[in-house]
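Take a look at the structure set out below.
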2 protein chains.
Amino acid sequence: MTYQTTLVALADPTRRRLFERLRRRPHTVGELARLAAISQPAVSQHLRVLRQARLVGHRQDGTRRFYQATPAGLADLKRYLESMWDDVLGAYARSPEPRS
Amino acid sequence: MTYQTTLVALADPTRRRLFERLRRRPHTVGELARLAAISQPAVSQHLRVLRQARLVGHRQDGTRRFYQATPAGLADLKRYLESMWDDVLGAYARSPEPRS
DNA sequence: AGCTTATATAAGCAATGACTTACCAAACGA
DNA sequence: TCGTTTGGTAAGTCATTGCTTATATAAGCT
């Protein structure tokens, strides 16, 4: 049931942009704050949520922390989607044209 | 960029439970309200969000509307996850043990 | 026609959440 | 050692949101 945390974490646009940035290379908190044009505490708070969802991790180097994306959270969400997928396709196959 | 809507829709636990119920068989709004133990308007509001995310659709039969899950929204989210996956795995491969 | 059933929308409210500024501790550099 | 940099936490504010009750509409039923 851990995909709940992941969904909440990724549902916020700012937080998702942070995560997307961290999927390519590590960034420090300060870098992220500058790039996202929000305050450093705001970034720290978002990173805590992303950490709890296991979407990011960090390495410490002196006073700086290098955050980067981690596969665990995404894997949780992938598993959830896959567990839904067959049932949803089945339902749709039985009755393919419900108005949206 | 439509996965934004999907993420927000599925992030709410009540709404996700409604969606999960609709993945097996169609339900009317009244049935859902009774099963979820919330008011009918609350269900209608959740269903609107799920509709906008293309996670559910409905068929009308007299005064009743049979809602059921639809693959489009989930497909959006699947695509998004897959587009992230390789980069995240790559980042993790380069630096595999960041503290969470 | 009148009554009931089914659902959507409107309005209001209390809780949550995403930001801000203020502050703190820890590690660096002169 | 002292001032600076870095980032986490605390507290407060404002907007959002998930619920409720009230209301409107449309389709059965007698």
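Chain letters run A, B, ... following the sequence lines, proteins first, then strands; residues in each count from 1.
With sequence neighbours left out, the ring-ring contact (aromatic ring centres under 6.0 Å, His included) criterion links Tyr92(B) to no other residue. Every residue two or more places apart in sequence or in another chain that forms a salt bridge (charged side-chain N to carboxylate O under 4.0 Å, His left out) with Arg23(B) is listed here: Asp87(A). In this structure Arg65(A) satisfies the side chain to side chain donor-acceptor pair (under 3.5 Å) test together with Gln60(A), sequence neighbours excluded. Every residue two or more places apart in sequence or in another chain was checked for a ring-ring contact (aromatic ring centres under 6.0 Å, His included) with His27(B), and none qualifies.
Straight-line distance from the NE2 atom of His27(B) to the C1' atom of dA6(C): 17 Å, rounded to whole Å. Gln4(B) has its CD atom 14 Å from the P atom of dT16(D), to the nearest Å. Atoms CZ (Arg15(A)) and C1' (dT16(C)) sit 12 Å apart, rounded to a whole Å. Atom CD1 in Ile38(A) sits about 19 Å away from atom P in dC14(D), given to the nearest Å. We find that CG of Asp61(B) is positioned 12 Å from P of dA6(C), with the value rounded to whole Å. Rounded to a whole Å, the CG atom of Asp12(A) is 11 Å from the P atom of dT17(D). dT7(C) atom C1' lies 16 Å from atom CZ of Arg59(B), rounded to whole Å. Following rounding to the nearest Å, Arg34(B) (CZ) and dT5(C) (C1') show an atom-to-atom distance of 14 Å.
Both Val8(A) and Gln60(A) lie close to DNA chain C; mapped to their nearest nucleotides by heavy-atom distance, the more 5′-ward contact belongs to Val8(A).
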Within the sub-3.5 Å range, which N or O atoms of nucleotides 6-10 of chain D have a protein N or O partner, and how far apart are they?
| from | atom 1 | to | atom 2 | distance (Å) |
| --- | --- | --- | --- | --- |
| dT6(D) | O4' | Thr63(A) | OG1 | 3.3 |
| dG7(D) | OP1 | Val29(A) | N | 3.4 |
| dG7(D) | OP1 | Arg65(A) | N | 3.2 |
| dG7(D) | OP2 | Gly30(A) | N | 2.8 |
| dG7(D) | O3' | Arg65(A) | NH1 | 3.1 |
| dG7(D) | N7 | Gln40(A) | OE1 | 3.3 |
| dG8(D) | OP1 | Arg65(A) | NH1 | 3.4 |
| dG8(D) | OP1 | Tyr67(A) | OH | 2.9 |
| dG8(D) | OP2 | Ser44(A) | OG | 2.6 |
| dG8(D) | N7 | Gln40(A) | NE2 | 2.7 |
| dG8(D) | O6 | Gln40(A) | OE1 | 3.4 |

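Under the 3.5 Å distance criterion, the side-chain polar atoms of Glu31(B) are matched with a main-chain donor or acceptor of Thr28(B).
Within the structure, salt bridge (charged side-chain N to carboxylate O under 4.0 Å, His left out) contacts touching residues 68-82 of chain A (residues at least two apart or in different chains) are Arg54(A)-Asp76(A), Asp76(A)-Arg79(A).
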